[in-house]
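So the structure is just underneath, and the comments pick up after that.
Values reported hereafter were calculated over all heavy atoms of this structure, with side chains retained and with hydrogens, waters and symmetry mates removed. Here the structure is a predicted model, which means the values were calculated and not measured. The chains referred to below are lettered A, B, ... by the order of the sequence lines, with proteins before strands, and numbering in each begins at 1.
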Amino acid sequence: MCGRYALHSSLEEIAEEFSAKIPQQKIEKRYNAAPAQKLPVIIRQQQNYIKLFSWGLVPSWAKDPSIGSKMINARSETIAEKPSFRKAFSRSRCLVPVNGFYEWKKTSSGKRPVYITPKNAAIFAFAGLWETCQINEKTIFSFTVATTEPNNTLKEIHNRMPVILTTKQNQNIWLNEDSPAQECLKLLRPCDDAYITHHYVSRKVNATYNDAPELIKPVTYPEQSEFF
DNA sequence: CCAGACGTTGTT
DNA sequence: GTCTGG
DNA sequence: CCAGACGTTGTT
DNA sequence: GTCTGG
């Protein structure tokens, strides 16, 4: 699954990577981006835009925005059918720019956070969906991240992983709102192991109020757990 | 017909 | 909004 | 994802 | 245990 990530590239770098217009808004470098926060996504409307949307998809019919906290991920196996996602899947797909993401690996001495980054690139593109919802005269813009089974590397860490689109061609199919659903579904597969690398990081990342470059630095945990 | 759900992950 | 359960 | 709250009445 | 907030 994917519930935390880092995005420290500049807006200019992100705009360049995704051929997107640079927004007026500034964004901060993030090392601990978390659900419910406003984060940059790439959407296509005539041209590509970078927008700041809330992580946790709030369906258009929702009456309470807190439903978004349950919608931070969408299983790709059912994304086209679920009432909460199917509308966005058919017409409102987006890319989520990410420099690396965190997964928590269970060990005999507790959960340890792992940071997963691209091996030969600067930025990952997660496959996402976005939505708008009107609640109390306010429009909520939100997004979710598609998940799939893990590749061989992630299998050692966790039982799910975010969908990462590694080629420009696939990113374009995903972003184009006229792409047939069948074509889009084909993209929702674990990415090849060759694209990623990973290392353990500090448990400081557990708390969302920590957000600094040190969070993505490698740390070493004891090889063997303590005896009891 | 109306009422109620609509989600994902993993359980050390 | 749309589907399922009662 | 993890951390932290989980409640009401009525105001030091 | 389960939900909300970040």
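In this structure, A:Asn206 places its CG atom 14 Å from C1' of E:dG6, rounding to the nearest Å. As rounded to whole Å, 12 Å separates atom C1' of D:dC2 from atom CD of A:Gln37. Rounded to an integer number of Å, the gap from CE of A:Met161 to P of B:dT8 is 17 Å. Remark: C1' of C:dG1 and CD of A:Glu81 are 17 Å apart, rounded to the nearest angstrom. Atom C1' of nucleotide C:dT2 and atom NZ of A:Lys87 are separated by 12 Å, given to the nearest angstrom. Remark: P of E:dC3 and CG of A:Asp64 are 13 Å apart, rounded to the nearest angstrom. Put simply, CG on A:Leu57 is 11 Å from P on B:dG7, counting in whole angstrom units. Across the protein-nucleic acid pair, A:Phe143 atom CZ and D:dC1 atom C1' stand 13 Å apart, rounded to whole Å.
Taking a pair as Watson-Crick or G-U with both hydrogen-bonding distances under 3.5 Å, the stems of three or more pairs touching DNA chain B are B:1-6 with C:1-6.
Closest contact between the side chain of A:Trp104 and the listed nucleotides D:dC1, E:dG5, B:dC6 involves D:dC1. Residue A:Phe85 has its side chain nearest to B:dG7 when only D:dC1, E:dT4, B:dG7 are considered. Relative to the side chain of A:Pro83, the nucleotides D:dC1, B:dC6, B:dT8 differ in distance, and B:dC6 lies closest. Between E:dG6, C:dG1, B:dT8, one nucleotide has an atom nearer to the side chain of A:Ala34 than all others, and that is E:dG6.
One finds a side-chain N or O of A:Thr147 lying less than 4.0 angstrom from the OP1 or OP2 phosphate oxygen of B:dT9. Distances shown here put every side-chain N or O of A:Lys111 at or beyond 4.0 Å from the OP1 or OP2 atom of B:dT12. Distances shorter than 4.0 Å separate none of the side-chain N or O atoms of A:Lys70 from OP1 or OP2 on B:dC6. Taking 4.0 angstrom as the limit, A:Arg160 places a side-chain polar atom (N or O) nearer than this to OP1 or OP2 of B:dT9. Using a 4.0 Å cut-off, no side-chain N or O of A:Ser84 falls inside it from OP1 or OP2 of B:dA5.
Under the 4.5 Å side-chain heavy-atom criterion for ILVMFWY residues, a single connected hydrophobic cluster contains both A:Leu154 and A:Val145. By the criterion of side-chain heavy atoms lying less than 4.5 angstrom apart, applied directly or through intervening Ile, Leu, Val, Met, Phe, Trp or Tyr residues, A:Ile123 is grouped together with A:Phe143 in one hydrophobic cluster.
Among the atoms of the strands shown, none is found under 4.0 Å from any heavy atom of A:Phe101. Using a 4.0 Å heavy-atom criterion, one finds that A:Ala62 contacts no nucleic acid atom at all. Residue A:Thr107 is classed as having no contact, given no heavy-atom separation below 4.0 Å to the nucleic acid. Contact annotation for A:Arg86: backbone-only contact, meaning every heavy-atom pair under 4.0 Å involves sugar-phosphate atoms and none involves a base.
As rounded to the nearest Å, B:dT9 and D:dC2 have P atoms that lie 13 Å from one another. For E:dT4 and B:dA5, the P atoms lie 13 Å apart once the distance is rounded to whole Å. Atom name P, nucleotides E:dG1 and D:dT8: the rounded distance is 23 Å, in whole Å.
Side chain of A:Asn151 to main chain of A:Thr153: a donor-acceptor pair is present (N/O by atom type, distance under 3.5 Å, no hydrogens or angles).
When each of A:Ile67 and A:His158 is assigned the nucleotide of DNA chain B bearing its nearest heavy atom, the one mapping closer to the 5' terminus is A:Ile67.
Note that the CG atom of A:Asn73 and the CG atom of A:Leu129 stand 11.0 Å from one another [nearest 0.5 Å].
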**Steps toward salt bridge (Lys or Arg N to Asp or Glu O under 4.0 Å) verdict (A:Arg189, A:Glu149)** = CA-CA 7 Å; A:Arg189 300 292 314 147; A:Glu149 60 190 271; 3.5 Å; yes

**Prompt:** Does the pair A:Asp193 and A:Lys119 meet the rule for a salt bridge (Lys or Arg N to Asp or Glu O under 4.0 Å), with working shown?
**Reply:** CA-CA 9 Å; A:Asp193 292 275; A:Lys119 194 178 267 181; over 6 Å; no

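Using a 4.5 Å heavy-atom cutoff, the side chains of A:Lys217 and A:Val201 are not in contact.
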